[in-house]
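One-based numbering along the sequence shown. This is a predicted model, so every value here is computed, not measured.
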Amino acid sequence: MKLEGKVALITGGGTGIGTAITERFVKEGAKVCITGRRKELLDKVAQSLPKGTITTFPGDVSKEKDVAQMVEKTVSFGGKLDILVNNAAISSQVPVADLSLKEWQEVFDVNLTGPFLLIKASIPHMIKAGGGSIINIASVGGLRSLPLFQAYCTSKAGLIMLTQQVALDYGPQKIRCNAVCPGGIKTDMTEKEFGQIGKILGMDTDSFFAMISKALPLQRFGQPPEIGGVCTFLASDDSSFMTGAALVIDAGTAVVDVVGAMMTDALRRGGIIP
């Protein structure tokens with residue numbers, strides 16, 4: 001019960017990593033409000049957890065009005081706000097020369113402006129509560145480039161810097177801010193993205209995942225609950241001396257740096273990038 005008595009707001013809680021974080025937080029004793037744009041997914045998660053532990057708010061993190069209501073709903077539900085997890089994200093797989101301004105802006109609106117708005121709205125409540133923990137779900141793509149993921153990688157790099165700025169500015173108010181940088185976590189989003197690259201090689205999604213896995217030190221992709229465990233650590237007092245960090249959770253991808261090279265080669269052979 002590492003989070004007993006804590007109240008958390010988790011964006012993108014209806015699927016994948018967001019759902020896994022939600023389930024772990026509730027298991028550890030927290031009350032949680034989850035948000036997302038698809039109400040049916042939020043309702044499904046809420047129905048699977050004990051009553052009184054979770055509430056939902058369908059909304060868009062890129063809209064300031066929605067963000068204000070997300071925070072208000074959380075505080076109304078739990079009486080305070082101790083933990084914010086900025087998990088909602090979208091991606092666009094388009095080379096720079098073909099990327100429209102609209103696509104670029106949409107990615108940044110969700111991946112970077114959304115976390116900014118949520119942090120801005122949450123900080124006064126955390127100060128009132130005597131402190132808090134902000135966890136930004138960034139990506140290994142925020143630390144190095146990946147082919148076709150120009151907007152995504154750039155937005156995640158910005159999120160890591162935002163993490164450091166918030167840590168610097170609000171440490172004296174006992175607000176900690178850390179980033180988690182997953183790589184190779186099996187979710188619906190990654191299966192769709194990697195599946196498209198696999199098709200270029202004439203491989204099905206499972207075969208492509210298996211090929212990439214063999215290049216990693218741990219020789220496997222991660223599962224969403226493994227990110228849930230890391231976030232529990234960052235949300236709890238176990239990480240009380242940590243702020244401004246960017247934790248890489250990627251099965252050693254950063255050690256070998258071969259996955260990006262393999263993806264780039266596949267896309268060049270397929271004529272997707274020059």
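- The closest side-chain heavy-atom distance from V85 to I137 is below 4.5 Å.
- No continuous path of ILVMFWY side-chain contacts below 4.5 Å connects V7 to V26, so the two sit in separate hydrophobic clusters.
- Side-chain contact between Q223 and K186 is present, with heavy atoms from C-beta onward closer than 4.5 Å.
- F221 CZ: more than 12 foreign heavy atoms inside a 6.0 Å radius.
- T163 contributes no side-chain N or O that, together with a main-chain N or O of N178, makes up a donor-acceptor pair within less than 3.5 Å.
- In this structure, I135 and I21 have side chains that are not in contact, with every pair of non-hydrogen atoms separated by 4.5 Å or more.
- A distance of 9.5 Å separates CD in Q150 from CG in D98, rounded to the nearest 0.5 Å.
- Here the side chains of C181 and D250 are not in contact, with every heavy-atom distance at 4.5 Å or above.
- A donor-acceptor pair is defined here as one N or O able to donate and one able to accept, closer than 3.5 Å; no such pair exists between the side chain of S91 and the backbone of Y152.
- Within the 4.5 Å cutoff, the side chain of T154 has heavy atoms near those of the F108 side chain.
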Would you sort out whether S155 and N111 count as a side chain to side chain donor-acceptor pair (under 3.5 Å), showing the intermediate values?
-> CA-CA 6 Å; S155 68; N111 295 4; 3.1 Å; yes

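- Interatomic distance, I227 CD1 to R24 CZ, rounded to the nearest 0.5 Å: 12.0 Å.
- Taking every heavy atom of both residues into account, V248 and V140 meet most closely at CG1-CG1, 3.9 Å.
- A distance-only check finds no donor-acceptor pair linking the side chain of D237 to the backbone of S240 [under 3.5 Å].
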Take V96 and L99 through the side-chain contact (heavy atoms from CB on, under 4.5 Å) test and state the conclusion after the steps.
-> CA-CA 5 Å; V96 167; L99 185 65; 5.5 Å; no

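- The backbone N or O of A138 lies less than 3.5 Å from no partner atom in the side chain of N136, so there is not a single donor-acceptor pair.
- Side-chain atoms of S122 come within 3.5 Å of backbone N or O of L118 as a donor-acceptor pair.
- The number of heavy-atom neighbours closer than 6.0 Å to CD of E106, taken from other residues, nucleotides and ligands shown, is above 12.
- Within a 6.0 Å radius of NZ in K2, no more than 12 heavy atoms belonging to other residues, nucleotides or ligands are found.
- Note: the hydrophobic cluster containing V230 does not contain I160 (ILVMFWY, side chain heavy atoms under 4.5 Å, direct or indirect links).
- Considering every non-hydrogen atom in both C153 and G141, the closest pair reads CB-O, 3.0 Å.
- The closest side-chain heavy-atom distance from I175 to I134 is below 4.5 Å.
- More than 12 heavy atoms of other residues, nucleotides or ligands lie within 6.0 Å of NZ in K73, so this atom counts as buried by the packing criterion.
- Taking all atoms of both residues into account, the shortest heavy-atom contact from G14 to T19 is C-OG1, 3.1 Å.
- With hydrogens and angles ignored, the 3.5 Å screen pairs a side-chain donor or acceptor of S239 with a backbone N or O of S236.
- Criterion: ILVMFWY side-chain heavy atoms under 4.5 Å apart, direct or through other members. Under it, Y170 and V71 are part of a common hydrophobic cluster.
- The shortest distance between side-chain heavy atoms of E226 and I249 does not fall below 4.5 Å.
- Between the NZ atom of K120 and the CD atom of E64 there is a distance of 7.0 Å, given to the nearest 0.5 Å.
- Going from atom CD1 of I10 over to atom CE of M70 covers 13.0 Å, rounded to the nearest 0.5 Å.
- Across all their heavy atoms, A167 and C177 have their closest contact at CB-O, 3.8 Å.
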Where do Q69 and D66 land on the side-chain contact (heavy atoms from CB on, under 4.5 Å) test, with the steps shown first?
-> CA-CA 5 Å; Q69 292 176 334; D66 283 10; 4.1 Å; yes

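- For the pair C231/V180, a side-chain contact is recorded, criterion being any heavy-atom separation below 4.5 Å from C-beta on.
- The NZ atom of K156 sits 9.5 Å away from atom CG of L112, with the distance rounded to the nearest 0.5 Å.
- Looking only at distances, no side-chain donor or acceptor of T243 sits under 3.5 Å from a matching main-chain atom of R176.
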Take M126 and L84, measure what side-chain contact (heavy atoms from CB on, under 4.5 Å) needs, and give me the verdict at the end.
-> CA-CA 9 Å; M126 290 185 172; L84 168 65; 3.8 Å; yes

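- Residues V61 and L81 fall within the same hydrophobic cluster, defined by Ile, Leu, Val, Met, Phe, Trp and Tyr side chains chained together at heavy-atom separations under 4.5 Å.
- Although no hydrogens or angles enter the test, the distance criterion places no donor-acceptor pair under 3.5 Å between the side chain of Q105 and the main chain of K102.
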Review item, side-chain donor-acceptor pairs of residues 30-48, under 3.5 Å, at least two apart:
from	atom 1	to	atom 2	distance (Å)
K39	NZ	D43	OD2	2.7
S48	OG	V45	O	2.6

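- Rounding to the nearest 0.5 angstrom, the gap separating the OG1 atom in T53 from the NZ atom in K27 is 14.0 Å.
- Under the 4.5 Å side-chain contact rule for hydrophobic residues, I17 and L234 share a cluster.
- The two residues P115 and L159 have their closest heavy-atom pair at CB-CD1, 3.7 Å.
- Closest approach of A121 and V67 over heavy atoms only: CB-CG1, 4.1 Å.
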Walk me through it: do M242 and L247 pass the test side-chain contact (heavy atoms from CB on, under 4.5 Å)?
-> CA-CA 11 Å; M242 283 184 65; L247 297 184; 3.9 Å; yes

